[in-house]
2 protein chains.
Amino acid sequence: MALEHAILVSLLEKPGSGYELSRRFERSIGYFWTATHQQIYRVLKRMEHDGWIDVRDVPQQGRPDKKEYSVAAPGRAALSEWLHEPVEPESVRHDLAVKIRGAAFDDPTALIREVERHRQAHADRLAHYLVGEQRDFTDPGGDAPLDAGQELQHVVLRGGIAYERMTIAWLDDVLATLHRLHPVP
Amino acid sequence: MALEHAILVSLLEKPGSGYELSRRFERSIGYFWTATHQQIYRVLKRMEHDGWIDVRDVPQQGRPDKKEYSVAAPGRAALSEWLHEPVEPESVRHDLAVKIRGAAFDDPTALIREVERHRQAHADRLAHYLVGEQRDFTDPGGDAPLDAGQELQHVVLRGGIAYERMTIAWLDDVLATLHRLHPVP
DNA sequence: CTTGCCTATGCAACGAGTTGCATAGCAAGA
DNA sequence: TCTTGCTATGCAACTCGTTGCATAGGCAAG
């Protein structure tokens, strides 16, 4: 289980509330780990109970109060322990691949539309990543070199970019194969 | 939920028992969908109850009897229905990416070993895929062209190959970044 | 002949993840 | 003013996935 650890990393990068975490899980962290606000609130409660994180009530004006969490010493120790033990290669779940193999037993027209839709979604995500890379990891004037944390965030983002590019090329291959098997005039 | 549909596709490609399915989920299907035998037996029971699949007791010599499942008409209809409705882009879970960002708050030496271990695992899987591609999808004499089902299995396998190549290149990038941040003499 | 391994199926308990719903303050616009 | 939408937190019920264990027949090696 790594949701706890993903939260610890995110809180170390910057303390925040459950709501803010759920926003981060829709963008940067969410590129490689998804979680809903339900999961996050539940896990935060458990982590607070276990002493991994500290809470601080933050009154706000113009919006509801929030609880800001930050990592406590036991949480940092737990993260360090997890970082030192091996994780197995991730288990894969690709609905689309199941569908492609299923297309042998069905009319592939609907699948072509579906693959095109996915291709578009991945192209959008790639564009989004590239904007973020340009914004956060380009050194405009040559001053202020990136620190280690930023370098590591950048290499993870480069992984996302490589993944999207690979996926788009593969989906083009899939489309070409489907059209070859099911030519339209 | 798509385990049911992955099982339907696999049983359409070839009927088989729960045990045989669990073997397939360790190889071909398992490249893009993982499942343990527990899940498979449970889902098979439900699918049989719902009339999606038929069972046939097959006595065997030298080994325990098995129940061979095959897809019934309602199962085929359910698969077809699922193939025609859109699926959302898959949710991602990359422990290793969490660890890489976490390395900013810890000694990265252990992470380097971990990344090298993952690189080796992906290289092994790539080699395995390439052997399978050579074995199953190379037309040796020019006769017997591949049918649609094989073409689709091949394009899914090409996706796996592209994924492993991309991942290996990215892990090299990660290793270079880690060594740059933490030079060893 | 005992020990370990492979085929083959399954239960029970738990933990992780999803979905629907509820509440509550404040802001902006119809 | 009423609705819509955003911030902010949470409960309850359910499904999915994992882990540990159990059974049972046959095979091969020591």
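Sequence lines set the chain letters: A, B, ... in the order given, protein chains first and strands last, and positions in each chain run from 1.
In this structure, A/K14 does not pair ionically with A/E20, as no charged nitrogen and carboxylate oxygen lie closer than 4.0 Å. We find that B/R24 and B/E13 are not joined by a salt bridge, their nearest charged nitrogen and carboxylate oxygen being 4.0 Å or further apart. Salt-bridge check for B/E48 with B/K45: failed, with every basic side-chain N at 4.0 Å or more from each acidic carboxylate O.
Within the 4.0 angstrom heavy-atom criterion, no nucleotide atom of any strand lies near B/S22.
Put simply, the side chain of B/D57 does not reach to within 4.5 Å of the side chain of B/D65, judged on heavy atoms. Using a 4.5 Å heavy-atom cutoff, the side chains of A/E114 and B/V87 are in contact. A/K99 is not listed as a side-chain neighbour of A/V115, based on a closest heavy-atom distance of 4.5 Å or more. With a 4.5 Å cut-off on side-chain heavy atoms, B/T167 and A/Y163 do not count as touching.
Residue B/E116 qualifies as enclosed at atom CD: its count of foreign heavy atoms under 6.0 Å is above 12.
Residue A/K67 contributes atom NZ, which lies 13 Å from atom P of D/dA8 at whole-angstrom precision. For A/D65 and D/dT9, the CG to P distance is 9 Å, given to the nearest whole Å. Rounded to whole angstrom, the span from the CD atom of B/E68 across to the P atom of C/dA8 amounts to 11 Å. A/L21 has its CG atom 14 Å from the C1' atom of D/dT7, to the nearest Å. Distance, A/H37 NE2 to D/dC6 P: 15 Å, rounded to whole Å.
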Contacts under 3.5 Å, N or O only, protein and nucleotides 3-7 of chain C:
{"residue": "C/dT7", "atom": "OP2", "partner": "B/Y19", "partner atom": "OH", "Å": "2.8"}
{"residue": "C/dT7", "atom": "OP2", "partner": "B/R23", "partner atom": "NH1", "Å": "2.8"}
{"residue": "C/dT7", "atom": "O5'", "partner": "B/Y19", "partner atom": "OH", "Å": "3.3"}

For nucleotides 14-18 of chain C, give me every protein contact, N/O to N/O, under 3.5 Å, one pair per line with atom names.
{"residue": "C/dG17", "atom": "OP1", "partner": "B/R93", "partner atom": "NH1", "Å": "2.9"}
{"residue": "C/dG17", "atom": "OP2", "partner": "A/Q39", "partner atom": "NE2", "Å": "3.2"}
{"residue": "C/dT18", "atom": "OP2", "partner": "A/Q39", "partner atom": "OE1", "Å": "3.0"}
{"residue": "C/dT18", "atom": "O4", "partner": "A/R42", "partner atom": "NH2", "Å": "2.7"}

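In this structure, B/W82 and B/H5 have parallel ring planes: the angle between them is below the 30° cut-off, well short of the 60° mark.
A sub-4.0 Å separation between OP1 or OP2 of D/dG10 and a side-chain N or O of A/Y41 is absent. One finds no side-chain N or O of A/K66 lying less than 4.0 angstrom from the OP1 or OP2 phosphate oxygen of C/dG25. In terms of phosphate contacts, B/K45 brings a side-chain nitrogen or oxygen within less than 4.0 Å of OP1 or OP2 of C/dG10.
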